[in-house]
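Okay, handing you the structure first.
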Amino acid sequence: MISLKDFFSWKANRRFWLNLIAVFVVLLLLMYLSTVVLSLYTHHGEERTVPKVLNLIETQAIEVLEKEDLEAQIVDSIYNPQLPVGTILEQIPAAGTHVKPGRTIYLTVSSKSAPTIKIPDIIDNSSLRQAEAKLRAMGFRLTAPEYIAGEQDWVYGIKRGSISIQTGDKVPYNAILTVVVGNSVMQDSIAEEEYYKQFLTAEDEMEIPTTSNVGEKKTTSPAATTSEKKKTPPPPPNKEHDWF
């Protein structure tokens, strides 16, 4: 068994001490090299000042940032009809910030079109007042309602211009919409018209002239005159009851 004195003896353990010194030197070299490499990789001691690119067009902003050895990345877009498409609305980091070369600057630009919103379930499922309140709350603009024969103020459809829109369709949030609603007066008028039509003959509904009798004097016999007399239709049913 080696004694403590022999263990620390240079003569007795020369190889051990040489190996220990070599390990220590290698560790120092590795630490130094890692520091140098890290400084080169992180550009230690180098910095760039972020330029202001707000209100510039996207292509102009990218050019300005590249001159400062900075990278640009579009991360978001916001619809603003008062600004040209691609205008820089926000930058992160802000202008004047000191960063390392090669740093990415995140940009928000103005978009080309307005964001879209799904049409809610209001068709044949709500009244005019409910539909208008919900659509206006979502940002839509509304024209005067379009009335059709039907239950009073019941929503039967939605239009954007002349195009009908269905529930779930995506429409720009600021679109102008027209709500199609029912009108009971129109419904009663149509029902009354249909009721009286059943008492009219084909000749009453449409008289078709022919070239053979143009200019000829029309003569009718008493029998024909009697047969052409219309029957007086009964009065329409009470409006409190259904027409059909």
Please enumerate all residues that pass side chain to side chain donor-acceptor pair (under 3.5 Å) together with T49, with sequence neighbours excluded. H98
Would you find more than 12 non-hydrogen atoms of other residues, nucleotides or ligands less than 6.0 Å from I163 atom CD1? no
Going by the rule salt bridge (Lys or Arg N to Asp or Glu O under 4.0 Å), which residues pair with K159 if we only count those two or more places apart in sequence or in a different chain? E146
Go through the steps to decide whether I148 and Y156 satisfy the test side chain to side chain contact (heavy atoms under 4.5 Å, CB included), and finish with yes or no. CA-CA 9 Å; I148 61 174; Y156 287 95; 3.9 Å; yes
Hey, does the side chain of Y147 reach the backbone of Q152 with a donor-acceptor pair shorter than 3.5 angstrom? no
Could you work out the complete set of other residues in the hydrophobic cluster of L30, with links drawn between I, L, V, M, F, W and Y side chains under 4.5 Å apart? V26
Does V50 belong to the same Ile/Leu/Val/Met/Phe/Trp/Tyr cluster as V64, with side-chain heavy atoms less than 4.5 Å apart forming each link? yes
Tell me whether V85 is reachable from V109 by hopping between hydrophobic residues (I, L, V, M, F, W, Y) whose side-chain heavy atoms are closer than 4.5 Å. no
Pairing residues for N174 by the side chain to side chain donor-acceptor pair (under 3.5 Å) criterion, not counting sequence neighbours: none
Output all residues satisfying side chain to side chain contact (heavy atoms under 4.5 Å, CB included) with N19, sequence neighbours left out; order by chain, then residue number. R15
Answer with yes or no whether the hydrophobic clustering places I57 together with V53; edges join I, L, V, M, F, W, Y residues whose side-chain heavy atoms lie under 4.5 Å apart. no
Which value, rounded to the nearest 0.5 Å, describes the distance between N125 atom CG and Q130 atom CD? 8.5 Å
First locate atom CD1 of I92, then atom CG of L107, and finally report the distance between them rounded to the nearest 0.5 Å. 9.5 Å
Looking only at heavy atoms, what is the nearest atom pair of E132 and P145, with distance? OE2-CG, 3.9 Å
With rounding to the nearest 0.5 Å, note down the distance linking CG in D153 to CG in L128. 5.5 Å
Measuring from atom CG of D169 to atom CD1 of I158, what distance do you get when rounded to the nearest 0.5 angstrom? 9.5 Å
So how far is it from I74 CD1 to I105 CD1, rounded to the nearest 0.5 Å? 11.5 Å
If the condition is side chain to side chain contact (heavy atoms under 4.5 Å, CB included), which residues does E68 pass it with, not counting sequence neighbours? R48, P51, L70
How about K134 and S126: do any of their side-chain heavy atoms sit closer than 4.5 Å? no
Please tell me whether I88 and I78 are part of a single hydrophobic cluster in this structure, the criterion being side-chain heavy atoms less than 4.5 Å apart. no
Heavy-atom closest pair (V155 atom, A131 atom, distance to 0.1 Å) is CG2-CB, 3.7 Å
With sequence neighbours excluded, what pairs up with S164 under the side chain to side chain donor-acceptor pair (under 3.5 Å) test? none
Decide yes or no for E151 and S184: does some side-chain heavy atom of the first lie under 4.5 Å from some side-chain heavy atom of the second? no
Take atom CD in E63; do more than 12 heavy atoms of anything else shown fall under 6.0 Å from it? no
With sequence neighbours left out, the residues meeting side chain to side chain contact (heavy atoms under 4.5 Å, CB included) with E66 are I62
Grouping ILVMFWY residues whenever side-chain heavy atoms fall under 4.5 Å, the cluster of L27 otherwise contains V23
Which residues share a side chain to side chain contact (heavy atoms under 4.5 Å, CB included) with V171, sequence neighbours left out: I119, F140, R160, I165, A175, L177
Would you mind listing the cluster partners of I176? Hydrophobic ones only (ILVMFWY), side-chain contacts under 4.5 Å, chaining allowed. none
Would you kindly confirm whether Y173 and I122 end up in one hydrophobic cluster when ILVMFWY residues are joined by side chain heavy atoms under 4.5 Å apart? yes
Checking the side chain of S110 only, and the main-chain atoms of G86 only, is there a donor and an acceptor separated by less than 3.5 Å? yes
Distance col, row T167:OG1 vs D121:CG, nearest 0.5 angstrom, shows 5.0 Å
side-chain hydrogen bond (donor to acceptor under 3.5 Å, both in side chains) pairs touching residues 80-94, sequence neighbours excluded, are none
